[in-house]
K.L.:
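The structure that follows is given in the form of structure tokens.
Counting starts at 1 for both ligands and their atoms, following the listed order.
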Amino acid sequence: MGYTIAQKIIKAHLLSGEMTVGSEIGLRIDQTLTQDATGTMAYLEFEAMGVDRVKTERSVAYIDHNTLQSGFENADDHRFIQSIAKKHGIYFSRPGNGICHQVHLERFGAPGKTLIGSDSHTPTCGGIGMLSFGAGGLDVAVAMGGGAYYIEMPKMVRINLTGKLSPWVAAKDIILEVLRIMSVKGGVGKIIEYGGEGVKTLSVPERATITNMGAELGATTSIFPSDEVTYAFLKAQGRAECYVEVKPDADAQYDEVIEIDLSKLAPMAAMPHSPDNVKTVEEIGKIKVDQVCIGSCTNSSLMDMLKVAAILKGRTVCESVSLSIAPGSKQVLDMLARNGALADIIAAGARILESACGPCIGMGQSPNSAGVSLRTFNRNFEGRSGTADAQVYLVSPEVAVASALTGYLTDPRELGDAPVINMPDEFLVNDNMIALPSEVEMASDVEILRGPNIKEFPNSTTLPQDISAKAVLKVGDNITTDHIMPAGSKILPYRSNIPHLSQYCFAVCDTQFAERCKKEGSGIVIGGSNYGQGSSREHAALVPLYLGVKAVVVKSFARIHCANLINAGIIPLTFKDEADYEKIEQGDSLALYNIRDCIENDKPIVLKNETKGIEIALNSDFSQRQKDIILAGGLLNYTRENS
Ligand code: MIC
Ligand code: SF4
């Protein structure tokens, strides 16, 4: 039997386990990336592991999330990360150089290699045939130290692309169609591979838009084959030497096959408040728009920006719309500036933002009250924009810019002929904003610069025999990490200060949550299906740990969050019978007796609801490694015990 692309790369990087679906495998990781909002914590964890020099082929620390700097906190954290990078052999992408995924695709990603990043959109590099995963900061720290990255061997899904996109229909519409078909939990436990005749019609940035938003499917990762289009992109980046061909065997077996005829797609939008709430622009109709934001790691490539500039040229943004544009990297911005496209964007009245995440993570540009915001981003979770009652729609750059001109949601096909944009033969390569690490022999001279914002991360203790705690919170399905640990301009600066962050934990669902946990001293959280979808932020586990959460009992988990809970020493448990979710109310007294023994010796786990006098059966299908981590009280304790 032949192999899929992902299976081939996994096989070449397999350190432990067997490639049978559902069993745990350990992978050798060639490259890592961090961004600043998860990076401070990842590097504190890396320090705690006591490794002198990273053991990967390439590790890069990016500064792209916390660039608002409304106080000293972010600038201090940047200096901390820069000094750590210098000392430990990590490349440092300085603030202003761009969004991690865009820059990594341009400058470092390589087909056939593995990458993990402390950001859920790390699969962007799947656009060039790199097997890339979003992970918690601690997993990235372990990989930097030369350790394996563990996942459950996923199922393989093939999305067969046929035909060619019509004018004004974009790569964004392809992934919105996939989201419409599969939903935000349809990708859990799966790797999505794109194939078919339609692939060669898509440029690398278009492929990267698609793999980027595989994160919204809950997929383990997404990947395209590498081909002559990939080669041309890498060559244009001056990196032809890292090209290798990766493609599936002709007889590769897939667990699921989905067919998409590109020529049948129309411009689409994901409506509030979920990326899978997808309809065509025509179906949604002409709603009035207040704000349009173009950028983010999904749609900020040179190609996207040139398209936007060509459409804006000689026109003016509608009087009632605020249009902001954030080119994804310094390379993109520099090239736009040099070829005059930036002037066209400015002349039309767009507000130019720094090459960073910006409004995507609520760092500025919050919409007006109940405002309708069209964004080329990847997430439209409630409140993420910073305005609680904003209505955020996810759209292609074409729909975004057409709507910015008219003032209402517009099918760009109304604008006449679509601009034709070709990929450049050569990108402007200038890596002067990537600071190199110190030479090994000079490393001991590098001083680590720690600001007062950096506090210790919470320590967990070994798992006790019994846990008795109240159900401190009961929530429904599809709870995102933005619910558990919100971001935005007021909170993000404190990513290295868990005590400060803790007051905002679950505030979107229940403003009393943190206080209640503190009063109780411990707690168990009850949730529905796809709990913890969205970002990779391990703060969504570390902060509940700090607040005394001992276990989370839900219908099902999103992959990265589940791993983060285990790493933090919080037990992730699922109902054997989902209907039992109804048998627990917030405030009930719960107990997990003999939990240590049950986990250690594979005995059935029972949750006792002492308030209602009933017992509820829970699943415990942990790997031996996961069991050992939970028993040790988290991955750091486990690593200390085993080193
Ligand atoms: C996001 O898009 O939600 C983020 C902010 O990039 C997160 C990482 C974080 O919370 O720092 C992600 O996607 O992992
Ligand atoms: Fe940054 Fe938004 Fe991409 Fe997250 S999704 S990495 S916040 S641009």
K.L.:
How far is atom 12 (C) of ligand 1 from its nearest protein heavy atom, and which residue and atom name does that atom have?
P.N.:
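Of the protein heavy atoms, S535 CB, 3.1 Å lies nearest.
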K.L.:
Would you mind finding which of E538, R495, R384, R537 brings a heavy atom closest to atom 2 (O) of ligand 1?
P.N.:
R384
K.L.:
Under 4.0 Å from any heavy atom of T38, which atoms of ligand 1 are there?
P.N.:
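Heavy-atom distances to T38 below 4.0 Å select 9 (C), 11 (O).
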K.L.:
If the plane angle is over 60° it's perpendicular, under 30° parallel, otherwise tilted; pick one for Y531 and H561.
P.N.:
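Tilted: the ring planes of Y531 and H561 meet at 30° to 60°.
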K.L.:
What atoms of ligand 1 come closer than 4.0 angstrom to any heavy atom of A37?
P.N.:
11 (O)
K.L.:
Hey, is D64 touching ligand 2 through its side chain, its backbone, both or neither, going by heavy atoms under 4.0 Å?
P.N.:
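Looking at D64 and ligand 2, no heavy atom falls under 4.0 Å.
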K.L.:
Salt bridge check: are D482 and R537 linked by an N-O gap of less than 4.0 Å?
P.N.:
yes
K.L.:
Check T298 against ligand 2 and report side chain, backbone, both or neither, counting heavy atoms closer than 4.0 Å.
P.N.:
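For T298, no heavy atom sits under 4.0 Å from ligand 2.
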K.L.:
Under a 4.0 Å threshold between the charged nitrogen and the carboxylate oxygen, would E47 count as salt-bridged to R450?
P.N.:
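Between E47 and R450 there is a salt bridge, with a charged N closer than 4.0 Å to a carboxylate O.
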K.L.:
Tell me the protein heavy atom at minimum distance from atom 1 (C) of ligand 1, and give that distance in Å.
P.N.:
R379 NH1, 3.2 Å
K.L.:
Report, in ascending order of atom number, the atoms of ligand 1 lying under 4.0 Å from any heavy atom of I361.
P.N.:
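Listed by number with element, the hits are 5 (C).
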K.L.:
Distance under 4.0 Å to a non-hydrogen atom of N378: what atoms of ligand 2 satisfy this?
P.N.:
5 (S)
K.L.:
Rounded to the nearest 0.5 Å, what separation is found between the CD1 atom of I448 and the CD1 atom of I84?
P.N.:
4.0 Å
K.L.:
Give a yes or no on whether C360 keeps an N, O or S atom under 2.8 Å from atom 2 (Fe) of ligand 2.
P.N.:
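It does: C360 brings an N, O or S atom closer than 2.8 Å to atom 2 (Fe) of ligand 2.
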K.L.:
Flag the pair Y62 / F92 as yes when their ring centroid distance falls below 6.0 Å, and as no otherwise.
P.N.:
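Aromatic pair excluded; centres sit 6.0 Å or further apart.
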K.L.:
What orientation do H104 and F108 show, parallel under 30°, tilted 30 to 60°, or perpendicular over 60°?
P.N.:
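Rings of H104 and F108: tilted, as their planes differ by 30° to 60°.
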K.L.:
Tell me whether Q35 contacts the main-chain N or O of A37 through its side chain, where contact means a donor paired with an acceptor under 3.5 Å.
P.N.:
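Yes, the answer is positive, given that a donor and an acceptor are paired below the 3.5 Å cut-off.
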K.L.:
Is the F133 to Y149 ring centre distance short of 6.0 Å?
P.N.:
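Ring centroids of F133 and Y149 are less than 6.0 Å from each other.
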K.L.:
What part of Q35 sits under 4.0 Å from ligand 2 if we count only heavy atoms: the side chain, the backbone, both or neither?
P.N.:
neither
K.L.:
What is the ring orientation for F513 with F506, classed by angle as parallel under 30°, tilted 30 to 60°, or perpendicular over 60°?
P.N.:
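Geometry flag for F506 against F513: perpendicular rings.
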K.L.:
Check for me whether H539 has a heavy atom closer than 4.0 Å to any atom of ligand 1.
P.N.:
no
K.L.:
Side-chain donor-acceptor pair under 3.5 Å between D304 and S301, yes or no?
P.N.:
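Yes.
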K.L.:
Check whether more than 12 heavy atoms from other residues, nucleotides or ligands sit under 6.0 Å from atom CD of E24, and answer yes or no.
P.N.:
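Buried by this count: over 12 neighbours within 6.0 Å.
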K.L.:
How far is atom 4 (Fe) of ligand 2 from its nearest protein heavy atom, and which residue and atom is that?
P.N.:
H65 NE2, 3.8 Å
K.L.:
In the protein, which heavy atom is nearest to atom 13 (O) of ligand 1, and how far is it?
P.N.:
S120 OG, 2.6 Å
K.L.:
If you have a sec, work out which protein heavy atom is nearest atom 6 (O) of ligand 1 and how many Å separate them, to one decimal?
P.N.:
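In this structure, atom 6 (O) of ligand 1 has D119 OD2, 2.7 Å as its nearest protein heavy atom.
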K.L.:
Distance under 4.0 Å to a non-hydrogen atom of H65: what atoms of ligand 1 satisfy this?
P.N.:
4 (C), 5 (C), 6 (O)
K.L.:
Report, in ascending order of atom number, the atoms of ligand 2 lying under 4.0 Å from any heavy atom of D119.
P.N.:
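Listed by number with element, the hits are 6 (S).
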K.L.:
Among all protein heavy atoms in this structure, tell me which lies nearest to atom 1 (Fe) of ligand 2, with the distance rounded to 0.1 Å.
P.N.:
C357 SG, 2.3 Å
K.L.:
Do we get R58 above Y91's six-membered ring, with its NZ or CZ under 6.0 Å from the centre and within 45° of the axis?
P.N.:
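The answer is yes, since R58 meets both limits relative to Y91.
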K.L.:
If the cut-off is 4.0 Å to any non-hydrogen atom of H121, which atoms of ligand 2 fall inside it?
P.N.:
5 (S)
K.L.:
Heavy-atom pairs closer than 4.0 Å: do any link ligand 2 to the side chain of H101, the backbone, both, or neither?
P.N.:
side chain
K.L.:
Give the minimum heavy-atom separation between L542 and P458, together with the two atoms involved.
P.N.:
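Closest heavy-atom pair between L542 and P458: O-CG, 3.5 Å.
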K.L.:
Please list the nearest protein heavy atom to atom 8 (S) of ligand 2 with its residue and the distance rounded to 0.1 Å.
P.N.:
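Residue, atom and distance for the closest contact: C297 N, 3.3 Å.
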K.L.:
Under 4.0 Å from any heavy atom of S536, which atoms of ligand 1 are there?
P.N.:
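Every atom of ligand 1 under 4.0 Å from some heavy atom of S536: 12 (C), 14 (O).
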K.L.:
Should S118 and T38 be marked as a side chain to side chain donor-acceptor pair (under 3.5 Å) after you check the CA-CA gap, both sets of side-chain angles, and the distance that decides it?
P.N.:
CA-CA 6 Å; S118 61; T38 52; 2.7 Å; yes
K.L.:
Are any of the N or O atoms of Q35 closer than 3.5 Å to those of ligand 1?
P.N.:
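Between Q35 and ligand 1, an N or O pair is found under 3.5 Å apart.
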